[in-house]
Amino acid sequence: QMQLVESGGGSVQAGGSLRLSCVASGNTYSRNCMGWFRQAPGKEREGVAVMNGDGGGAAYRASVKGRFTISRDNAKNTVYLQMNSLKPEDTAMYFCAADTRRPICYWSPERYNSWGQGTQVTVSS
């Protein structure tokens with residue numbers, strides 16, 4: 001089983017930046033799909049950014065394109081989400097997730113079998 005631990009959340013003003021980190025342990029992950037999801041109160045969990053395994057490309061939710069960047073440092077077993085130009089609507093609990101069964105990512109949360117505990121991001125105007 002893969003364990004994921006997120007960090008880097010916090011409270012920022014609109015227009016600010018944060019970098020989320022997710023450290024993976026217990027299994028290899030470089031060949032697996034990795035993703036970031038978020039969930040605001042009263043809303044369903046939604047995909048933010050995903051990265052295919054085996055050096056594959058990344059995909060982003062339309063509302064974060066040009067502002068967020070997902071990346072991986074395999075030497076550190078860590079996946080990052082750089083968030084720039086943050087908006088109040090970005091406020092949510094952010095979760096790191098992995099699908100250890102396949103290298104190609106899906107957007108549905110139920111496809112992912114490993115989850116972090118979440119880190120809160122709050123953006124004020």
Side-chain angles (χ1 to χ4, degrees):
Q1 182 180 1
M2 179 181 292
Q3 290 80 48
L4 304 173
V5 180
E6 305 102 327
S7 62
S11 298
V12 297
Q13 295 287 330
S17 298
L18 288 171
R19 188 177 75 160
L20 307 183
S21 299
C22 173
V23 180
S25 62
N27 203 354
T28 58
Y29 77 102
S30 62
R31 291 186 175 184
N32 300 327
C33 164
M34 299 293 295
W36 286 96
F37 291 76
R38 66 187 182 188
Q39 187 168 21
K43 296 185 177 181
E44 295 184 354
R45 190 168 298 186
E46 63 183 21
V48 177
V50 298
M51 178 173 283
N52 294 331
D54 294 329
Y60 299 89
R61 188 175 191 84
S63 62
V64 309
K65 288 181 179 179
R67 300 189 296 120
F68 291 10
T69 303
I70 185 172
S71 62
R72 282 196 277 198
D73 185 338
N74 291 334
K76 298 180 179 180
N77 293 330
T78 302
V79 61
Y80 302 95
L81 184 68
Q82 178 67 47
M83 304 186 294
N84 298 326
S85 302
L86 283 162
K87 303 176 180 180
E89 54 261 43
D90 295 319
T91 295
M93 184 75 75
Y94 282 70
F95 298 89
C96 178
D99 184 348
T100 64
R101 299 165 294 185
R102 46 183 158 258
I104 304 301
C105 293
Y106 294 80
W107 284 105
S108 299
E110 62 266 23
R111 297 285 187 176
Y112 295 77
N113 59 343
S114 296
W115 291 87
Q117 81 286 357
T119 185
Q120 178 67 39
V121 172
T122 302
V123 185
S124 60
S125 61

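Quick caveat: nothing in here was measured; it's all calculated off a predicted structure.
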Backbone N/O of Gly56 and side chain of Asp54: donor-acceptor pair under 3.5 Å: no

Of all heavy-atom pairs linking Ser17 and Gln82, the shortest is CB-NE2, 4.1 Å

Next item on the list: Could you check if a side-chain atom of Val79 sits within less than 4.5 angstrom of a side-chain atom of Ile70, using non-hydrogen atoms only?
Entry: yes

Rounded to the nearest 0.5 Å, the CZ atom of Arg19 sits from the OG atom of Ser71 at a distance of 7.5 Å

Given the rule that I, L, V, M, F, W and Y join up when any side-chain heavy atoms are under 4.5 Å apart, are Tyr94 and Tyr60 in one cluster? yes

Interatomic distance, OG1@Thr122 vs CG@Leu86, rounded to 0.5 Å, equals 10.5 Å

The test is side chain to side chain contact (heavy atoms under 4.5 Å, CB included); show your working for Asp90 and Arg67 and say whether it passes. CA-CA 11 Å; Asp90 295 319; Arg67 300 189 296 120; 2.8 Å; yes

Here the pair of heavy atoms bringing Val23 nearest to Lys76 is CG1-O, 4.5 Å

*Please check if Val48 and Leu20 belong to a single hydrophobic cluster, counting links between Ile, Leu, Val, Met, Phe, Trp and Tyr side chain heavy atoms closer than 4.5 Å.*
yes

Donor-acceptor check, side chain of Asn52 to backbone of Cys105, threshold 3.5 angstrom: yes or no? yes

Of all heavy-atom pairs linking Leu4 and Ala24, the shortest is CD2-CB, 3.6 Å

Q) Side-chain contact, heavy-atom cut-off 4.5 Å: Thr100 with Arg31? A) no

| task | Spell out, yes or no, whether Val12 and Phe68 are grouped together once hydrophobic residues are joined by side-chain heavy atoms under 4.5 Å, including indirect joins. | result | yes

Hits for ring-ring contact (aromatic ring centres under 6.0 Å, His included) against Phe37, two or more places apart or cross-chain, chain-then-number order -> Tyr112, Trp115

Taking the side chain as every heavy atom from C-beta outward, state whether Thr69 and Leu81 have any pair of such atoms under 4.5 Å apart.
-> no

- Message: Run the side chain to side chain contact (heavy atoms under 4.5 Å, CB included) test on Met83 and Val123 for me, step by step, so that the C-alpha distance in whole Å, both residues' side-chain angles and the decisive distance to 0.1 Å come before the verdict.
- Response: CA-CA 11 Å; Met83 304 186 294; Val123 185; over 6 Å; no

>> Evaluate Met34 against Cys96 for side chain to side chain contact (heavy atoms under 4.5 Å, CB included), listing each step before the verdict.
In response: CA-CA 8 Å; Met34 299 293 295; Cys96 178; 4.0 Å; yes

Between Met2 and Asn32, the two heavy atoms sitting closest are CE-ND2, 4.1 Å

Query - Shared hydrophobic cluster, Tyr80 / Val5 (ILVMFWY, side-chain heavy atoms < 4.5 Å) - result: no

Looking only at heavy atoms, the pair that brings Arg102 and Asp99 closest together is NE-OD2, 2.7 Å

Query - Pairwise side-chain contact, Val121 with Arg38, heavy-atom cut-off 4.5 Å (strictly under) - result: no

On a heavy-atom basis, the closest approach of Glu6 and Trp36 is CG-CZ3, 3.9 Å

Is it true that atom CD of Glu44 has more than 12 heavy atoms of other residues, nucleotides or ligands lying nearer than 6.0 Å? no

